[in-house]
Every structure is written in structure tokens, then in C-alpha cells.
Amino acid sequence: MLNIVLFGPPGAGKGTQSEKLISKYGLTHLSTGDLFRKHLGEGTDLGNLAKKYMNEGHLVPDEVVIGMVEDKINSTISSKGFIFDGFPRTTAQAEALDTMLEKNGMKISGMIALDVPELVLKERIKERGKTSGRVDDQDEEKINTRIKVYLAETFPVAEYYEKQGKLQKINGVGEIEEIFSLISNVVDSY
Ligand code: AMP
């Protein structure tokens with residue numbers, strides 16, 4: 001079973017590369033951002049709770065995210081494996097994920113971290129904001145907050161996997177296909 005954490009700052013290309021990984025390896029996409037946006041669109045209690053954090057570029061509280069991920073894993077447990085995209089975003093989430101997987105006799109195969117300079121991220125997010133309809137893609141201040149939150153709260157998650165010998169860094173600037181080929185090489189080595 002392949003369970004991959006695709007990691008990187010907002011705008012690193014995690015969503016784009018996840019789609020390609022899913023179709024090549026037949027995995028289940030578990031994007032917490034997408035799940036929250038679905039709840040938001042459907043106006044559920046969870047969506048309403050997450051909304052104020054998301055729209056400001058802040059993280060949704062750990063217990064809310066962890067509960068949502070647990071439900072998704074339990075409802076797709078027969079999957080060949082998962083691509084975790086945008087999760088875990090804190091060390092507490094990473095620990096909770098390990099516990100959840102262990103309970104089901106599963107584990108993380110590895111983390112693939114996309115490395116993209118801050119200037120490029122900002123350009124990409126602004127460009128995406130023209131068509132994504134995402135409130136958090138459209139405002140310079142919110143984009144800056146998301147990058148700051150990433151550096152302060154999410155970046156340490158890479159160290160968590162590095163300590164387990166599971167971190168692989170990839171250059172996330174270049175052609176989509178080139179980057180995908182680098183990622184595929186890592187996945188094939190698992
Ligand atoms: P994303 O689509 O991954 O950029 O996520 C959009 C927004 O959803 C983030 O800015 C957070 O507000 C929220 N979110 C997504 N995933 C998480 C997570 N793992 N932990 C906390 N908040 C999250």
C-alpha cells in the first residue's frame with residue numbers, strides 16, 4: 001500500500017501533482033482543503049466552522065481537521081493507498097495521522113516535499129486567483145498570511161518525517177511533466 005504525503009507551501013503545485021499521481025497509481029486523493037471547500041459549498045456545520053479560518057488564511061483547529069480525515073480514511077479504507085495533500089499541516093496532525101494509520105495496519109511510505117521560492121508562490125497563487133474563485137487566493141494580505149502560517153506551523157512537519165528517514169525534497173519549479181517524473185521516481189522507489 002502506498003501512502004504518500006505531498007508537502008509544500010501554498011501554490012507549490014500539490015493539487016496538480018496529486019491529480020497526476022492518482023491517475024498513475026490509482027490512489028485516493030485526500031485533500032483537506034478540497035474537503036473543507038466541499039463542506040463550505042454545502043453549507044454544513046463543519047464548513048461554517050472552517051470558513052472564518054480559511055478565508056483569513058489561518059489553519060482550521062487540529063481536532064476539526066483530524067476528525068474529518070479520520071472519517072474520510074474510514075469511509076475509503078479499501079483504497080490502494082492515499083495521497084495526503086495539504087495534510088498534515090502541524091506536527092500534532094502528523095502524530096494523529098500515524099496513530100490513525102497504525103490502528104488500520106497502515107503507515108506513511110514517505111513525504112515528498114516540493115520546494116518553490118516565495119516569489120514564485122505568490123505569482124502562482126495570484127494567477128490561480130483569477131479563476132479559482134477562492135477568497136484566500138485573491139488578496140495579497142491573505143496570501144502573505146498563508147505563507148507565514150506555512151513557515152511557522154507547517155514547515156516543522158517536514159522535520160517530523162525527516163527524523164523517520166521518510167523525507168524526499170523535489171525542485172517544484174519547472175515543467176509540470178518534469179516535476180511529475182521526479183516525483184514518480186521517488187514513488188517507484190517505495
Ligand atoms: P489548501 O487548499 O490546502 O490551501 O487549504 C485551504 C485552507 O483550508 C487553508 O488555508 C486552511 O485554512 C484550511 N486547511 C486545509 N487543510 C488544513 C489542515 N491540514 N489543517 C488546518 N487547516 C487546513
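Start at 1 and go down the list; that is how both ligands and their atoms are numbered.
Under the 3.5 Å distance criterion, with hydrogens and angles disregarded, a donor-acceptor pair is assigned to the side chains of K122 and N144.
Nearest to atom 13 (C) of ligand 1 by heavy atom, out of M68, M54, K51, K52, is M54. In this structure, of K142, R89, Q93, H58, the residue bringing a heavy atom nearest to atom 4 (O) of ligand 1 is R89.
Protein heavy atom in closest approach to atom 22 (N) of ligand 1: V60 N, 3.0 Å.
When the shell of 6.0 Å around NZ of K51 is examined, it contains 12 or fewer heavy atoms from other residues, nucleotides or ligands.
With hydrogens and angles ignored, the 3.5 Å screen pairs a side-chain donor or acceptor of S109 with a backbone N or O of N3.
Under the 4.0 Å criterion applied to side-chain N and carboxylate O atoms, K52 and E56 are not assigned as salt-bridge partners. Electrostatic pairing of R146 and D137 counts as a salt bridge here, judged by a charged N lying under 4.0 Å from a carboxylate O.
Using a 4.0 Å cut-off to heavy atoms of R37, the atoms of ligand 1 that qualify are 2 (O), 6 (C). For ligand 1 and R134, the ligand atoms under 4.0 Å from any heavy atom of the residue are 1 (P), 2 (O), 4 (O), 6 (C). For ligand 1, the atoms closer than 4.0 angstrom to any heavy atom of V65 are 18 (C), 19 (N), 20 (N), 21 (C).
Inclusion of G86 in the set of residues having an N or O under 3.5 Å from an N or O of ligand 1 is warranted. Close N/O approach between T32 and ligand 1 is found [any backbone or side-chain N/O within under 3.5 Å]. In terms of polar-atom proximity, defined here as any N/O pair under 3.5 Å, F36 makes no such contact with ligand 1.
Between V60 and V65, the shortest heavy-atom contact is O-CG2, 3.5 Å.
By the 30° and 60° cut-offs, the orientation of the rings of Y150 relative to F7 is tilted.
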